[in-house]
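Working notes, structure below.
Nothing here was measured: the structure is a model prediction, and the numbers come from that model.
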Amino acid sequence: MTHLLHLDASARPGFAGKDEHGSHSRNLTHRFVSQWLARRAQDSVTYRDIGQNPPSYISHDWIASSFTPEERREPWMTETLAESDRLVDELIAADVLVIGTPLYNFGMPAALKAWIDLIVRPGRTVDVDETKLPEPYVPLLADRPRHAVILSARGGIGFGPGGEMAHMNHLEPNLVTALNFIGITRIHLIAIEGQETGGDVLAASVAEALHQMDVLVAELQGTLDATPLSQPYERQAEAC
């Protein structure tokens with residue numbers, strides 16, 4: 001049985017095309033998970049809406065607690081790390097991480113950055129081996145194949161690889177770097193562009209993204225239990 005962790009990071013609570021000012025990234029993630037379960041009803045999903053219920057920001061107390069070895073932590077430190085531990089446990093349990101996120105001001109929403117900060121944890125998702133300088137970091141989530149599916153929505157166009165605005169897109173590169181750092185290297189990207197343009201430009205981008213996502217669901221399900229995908233799936237549904 002495969003377990004999915006489904007995260008939505010959009011500040012918009014509704015769905016594009018259904019609710020006023022609804023979210024395109026939520027449409028993508030819910031379509032992905034629905035398609036997945038329609039084909040594999042035996043699989044399970046943990047859902048966390050960090051857009052509407054954002055994680056806490058890290059603090060001085062969190063940093064002090066996180067970098068204190070577990071056997072030396074005081075009770076207040078354990079309590080300080082309780083939320084982070086829950087999020088890390090959810091991630092460790094997942095075989096497929098599905099992230100729905102908009103591009104906000106060239107990067108990720110603050111809620112998603114808060115989640116990243118809480119799951120990149122010394123001793124839980126990454127370790128340090130000082131004998132391996134100058135690159136001492138050991139990713140702890142490389143213990144088994146895990147996939148991450150990043151489904152994003154952008155207001156403008158040309159933010160994908162090779163696009164005129166690609167150099168200003170710090171969303172997917174940031175996420176990929178953080179996930180790779182903890183050992184999740186099988187990452188698949190699909191994006192919608194042109195929400196601000198609307199009309200046929202947006203409609204074509206949405207249609208292409210939905211098609212690519214349906215293909216990805218089938219590909220992942222067909223290979224996940226046998227041989228992991230040898231190459232990451234990196235397609236962009238860009239408006240032209």
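Note: Trp115 CH2 to Ser56 OG = 15.0 Å, rounded to the nearest 0.5 Å. Expressed to the nearest 0.5 Å, how far CD1 of Ile192 lies from CG of Asn27 amounts to 7.0 Å. Here the CZ-OG distance, from Arg39 to Ser34, works out to 12.5 Å after rounding to the nearest 0.5 Å. The distance from atom CG of Leu175 to atom NZ of Lys113, rounded to the nearest 0.5 Å, is 10.5 Å. Annotation: the span from Met165 atom CE to Leu103 atom CG amounts to 9.5 Å, rounded to 0.5 Å. In this structure, Gln212 CD and Leu28 CG are separated by 10.5 Å, a value rounded to the nearest 0.5 Å.
Checked against salt bridge (charged side-chain N to carboxylate O under 4.0 Å, His left out), Asp61 has no partners two or more places apart in sequence or in another chain. Under the rule for a side chain to side chain contact (heavy atoms under 4.5 Å, CB included), the partners of Asp143 that lie at least two apart in sequence or sit in another chain are Arg146. Judged as a salt bridge (charged side-chain N to carboxylate O under 4.0 Å, His left out), and not counting sequence neighbours, Asp127 has no contacts. Shown here are the salt bridge (charged side-chain N to carboxylate O under 4.0 Å, His left out) partners of Asp200, two or more places apart in sequence or in another chain: there are none. Checked against side chain to side chain contact (heavy atoms under 4.5 Å, CB included), Asn180 has the following partners two or more places apart in sequence or in another chain: Val176, Thr185, Ile187.
Pairing each heavy atom of Pro136 with each of Pro134, the nearest pair is CD-O, 3.3 Å. Of all the heavy atoms in Ala191 and Ala209, the pair that sits closest is O-CB, 4.2 Å. The shortest non-hydrogen separation linking His3 to Ser44 is ND1-OG, 2.6 Å. A pairwise comparison of heavy atoms in Ala111 and Pro54 identifies CB-CB, 3.8 Å as the closest pair. For the pair His188 and Arg186, the tightest heavy-atom approach, listed with the atom from each and the gap, is NE2-O, 3.6 Å. In terms of heavy atoms, Gly22 sits closest to Gln195 at O-NE2, 4.2 Å.
With a 4.5 Å cut-off on side-chain heavy atoms, Val96 and Leu5 do not count as touching. The closest side-chain heavy-atom distance from Ile190 to Glu208 is not below 4.5 Å. Between Thr46 and Leu4 there is no side-chain heavy-atom pair separated by less than 4.5 Å. No side-chain heavy atom of Ile150 sits less than 4.5 Å from a side-chain heavy atom of Val98. Residues Ser152 and Leu171 meet the side-chain proximity criterion, which asks for heavy atoms closer than 4.5 Å. By the 4.5 Å heavy-atom criterion applied to side chains, Val206 and His24 are counted as neighbours. Inter-residue side-chain proximity for Lys132 and Asp129 is flagged as met; some heavy-atom pair is nearer than 4.5 Å. The shortest side-chain heavy-atom distance between Leu118 and Ile58 falls under the 4.5 Å cut-off.
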### Task
Test side chain to side chain contact (heavy atoms under 4.5 Å, CB included) on Leu140 and Ile182 and set out the steps.
CA-CA 6 Å; Leu140 298 182; Ile182 61 176; over 6 Å; no
### Task
Go through His147 and Leu97 one step at a time and tell me if the side chain to side chain contact (heavy atoms under 4.5 Å, CB included) criterion holds.
CA-CA 6 Å; His147 292 262; Leu97 169 64; over 6 Å; no
### Task
Could you walk me through whether Arg124 and Asp89 pass side chain to side chain contact (heavy atoms under 4.5 Å, CB included), step by step?
CA-CA 9 Å; Arg124 297 287 328 261; Asp89 288 343; 2.7 Å; yes
### Message
Does Ser25 form a side chain to side chain contact (heavy atoms under 4.5 Å, CB included) with Leu151? I'd like the steps, not just the answer.
### Response
CA-CA 6 Å; Ser25 63; Leu151 305 173; 5.9 Å; no
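Between the side chain of Glu172 and the backbone N or O of Leu189 there is no donor-acceptor pair closer than 3.5 Å. The backbone N or O of Pro102 sits nowhere less than 3.5 Å from a side-chain atom of Ser10 that would complete a donor-acceptor pair. The main-chain N or O of Ile119 is found under 3.5 Å from a side-chain atom of Thr125 such that the two form a donor-acceptor pair.
Listed by first then second residue, pairs satisfying ring pair (Phe, Tyr, Trp, His ring centres under 6.0 Å) with a partner in residues 76-101 number zero, not counting sequence neighbours. Listed by first then second residue, pairs satisfying ring pair (Phe, Tyr, Trp, His ring centres under 6.0 Å) with a partner in residues 118-145 read Tyr137-Phe181, not counting sequence neighbours. Applying the ring pair (Phe, Tyr, Trp, His ring centres under 6.0 Å) test to residues at least two apart or on different chains, the pairs with a partner in residues 27-64 are His6-His30, His6-Tyr47, Phe15-His30, His30-Tyr47, Phe32-Trp36. For residues 97-107, no residue pair satisfies the side-chain hydrogen bond (donor to acceptor under 3.5 Å, both in side chains) rule, not counting sequence neighbours. The salt bridge (Lys or Arg N to Asp or Glu O under 4.0 Å) pairs that include a residue from residues 6-15 are Asp8-Arg26, where partners are two or more places apart or lie in different chains. Residue pairs meeting the salt bridge (Lys or Arg N to Asp or Glu O under 4.0 Å) criterion with at least one partner in residues 91-101, sequence neighbours excluded, are Asp95-Arg144. Applying the salt bridge (Lys or Arg N to Asp or Glu O under 4.0 Å) rule to pairs touching residues 62-80 yields nothing, sequence neighbours excluded.
Counting heavy-atom neighbours within 6.0 Å of Glu164 CD, excluding the residue itself, gives a total of 12 or less.
Salt-bridge formation is detected for the pair Asp43/Arg40: a Lys NZ or Arg NE/NH1/NH2 atom is positioned less than 4.0 Å from an Asp or Glu carboxylate oxygen.
The cluster map of Ile, Leu, Val, Met, Phe, Trp and Tyr, joined by side-chain heavy atoms under 4.5 Å apart, puts Met77 and Leu87 in different clusters. With hydrophobic clusters built from ILVMFWY side chains whose heavy atoms lie under 4.5 angstrom apart, Val120 shares a cluster with Phe67.
With 3.5 Å as the limit, one finds no donor-acceptor pair spanning the side chains of Ser205 and Glu193.
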